[in-house]
Undergrad: 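So that we are looking at the same thing, I have put the structure below in structure tokens.
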Amino acid sequence: MTVTFTQEARNKVNLLLLEGEMSSSEVRLISGCAGCGGISVGLNINDHQREDDKVIQVEGLSIYIDKSSEPYISDTLVDYQDNEFGGNFVVSNEYGSSVCFI
């Protein structure tokens, strides 16, 4: 299972930690139904480990993945893009993409 954070995403995580908007270096990758679009994949910040989570380490981040999301997380890319709304994390892989607004 490969999860990659772009430099922009890593920079934003570091800034959120520095500013106190993220309480720790823990995030959760989640999957869910995207209606007719199939599966969407997203990112939750300030989440904590649950008993049955798979935990992977990526550049100092603990990434939590629950059993139902695990099949949809392989080869995931997490990017951060600034926009007129302030910016968001964009999570993408072969199952589609989703965003996490900050």
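When a residue number appears, it is its place in the shown sequence, counting from 1.
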Undergrad: Just how far is it from atom CD of E19 to atom CG of N14, taken to the nearest 0.5 Å?
TA: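 Rounded to the nearest 0.5 Å, the CD-CG separation comes to 11.0 Å.
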Undergrad: Any chance you could lay out the side-chain contact (heavy atoms from CB on, under 4.5 Å) test for V13 and Y80, step after step, and finish with the verdict?
TA: CA-CA 9 Å; V13 166; Y80 184 82; over 6 Å; no
Undergrad: Are side-chain heavy atoms of N44 and Y64 found at a separation under 4.5 Å?
TA: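 Contact flag for N44/Y64 side chains = no.
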Undergrad: What distance separates E26 CD from L17 CG, expressed to the nearest 0.5 Å?
TA: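 Answer rounded to 0.5 Å: 10.0 Å.
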Undergrad: To the nearest 0.5 Å, how far apart are CG in D66 and OG in S31?
TA: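 Rounded to the nearest 0.5 Å, the CG-OG separation comes to 6.5 Å.
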Undergrad: Sequence neighbours left out, what passes side-chain hydrogen bond (donor to acceptor under 3.5 Å, both in side chains) with N46? Give chain and number order.
TA: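 Counting only residues at least two positions away or on another chain, N46 forms a side-chain hydrogen bond (donor to acceptor under 3.5 Å, both in side chains) with S23.
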Undergrad: Evaluate the side-chain proximity of E8 to Q81: yes if any heavy-atom separation is below 4.5 Å, no if none is.
TA: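 Contact flag for Q81/E8 side chains = no.
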Undergrad: Could you state the interatomic distance from CD (Q57) to OG (S25), rounded to the nearest 0.5 Å?
TA: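 Atom-to-atom, Q57:CD and S25:OG are 9.5 Å apart.
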Undergrad: Decide if atom CD of E51 counts as having more than 12 heavy atoms of other residues, nucleotides or ligands within a radius under 6.0 Å.
TA: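 Check fails, neighbour count at 12 or below.
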Undergrad: Taking the side chain as every heavy atom from C-beta outward, state whether M1 and I65 have any atom pair closer than 4.5 Å.
TA: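 Counting from C-beta outward, M1 and I65 do come under 4.5 Å.
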Undergrad: Can you give me the closest heavy-atom contact between D53 and R50, atom names plus distance?
TA: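 Looking at all heavy atoms of both residues, the closest pair is OD2-N, 2.7 Å.
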Undergrad: Nearest 0.5 angstrom please: D52 CG to S68 OG, how far?
TA: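 Reported to 0.5 Å precision, the distance equals 10.5 Å.
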Undergrad: If we only count heavy atoms from C-beta on, is the L43 to L29 side-chain gap below 4.5 Å?
TA: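 Yes, their side chains come closer than 4.5 Å.
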Undergrad: In terms of hydrophobic clusters joined by side-chain contacts under 4.5 Å, are I30 and V91 together?
TA: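 No, no single cluster joins them.
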Undergrad: Nearest 0.5 angstrom please: I56 CD1 to L61 CG, how far?
TA: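 If we round to the nearest 0.5 Å, I56:CD1 and L61:CG are 10.0 Å apart.
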Undergrad: If we only count heavy atoms from C-beta on, is the M22 to V27 side-chain gap below 4.5 Å?
TA: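 Side chain of M22 against side chain of V27, heavy atoms only: contact under 4.5 Å found.
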Undergrad: I'd like to check D79 versus S92 (side-chain heavy atoms, cut-off strictly below 4.5 Å). Are they in contact?
TA: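 With C-beta onward as the side chain, the pair stays apart.
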Undergrad: When you compare the side chain of I63 with that of F5, does any pair of heavy atoms fall below 4.5 Å?
TA: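 Of all side-chain heavy-atom pairs linking I63 with F5, at least one is under 4.5 Å.
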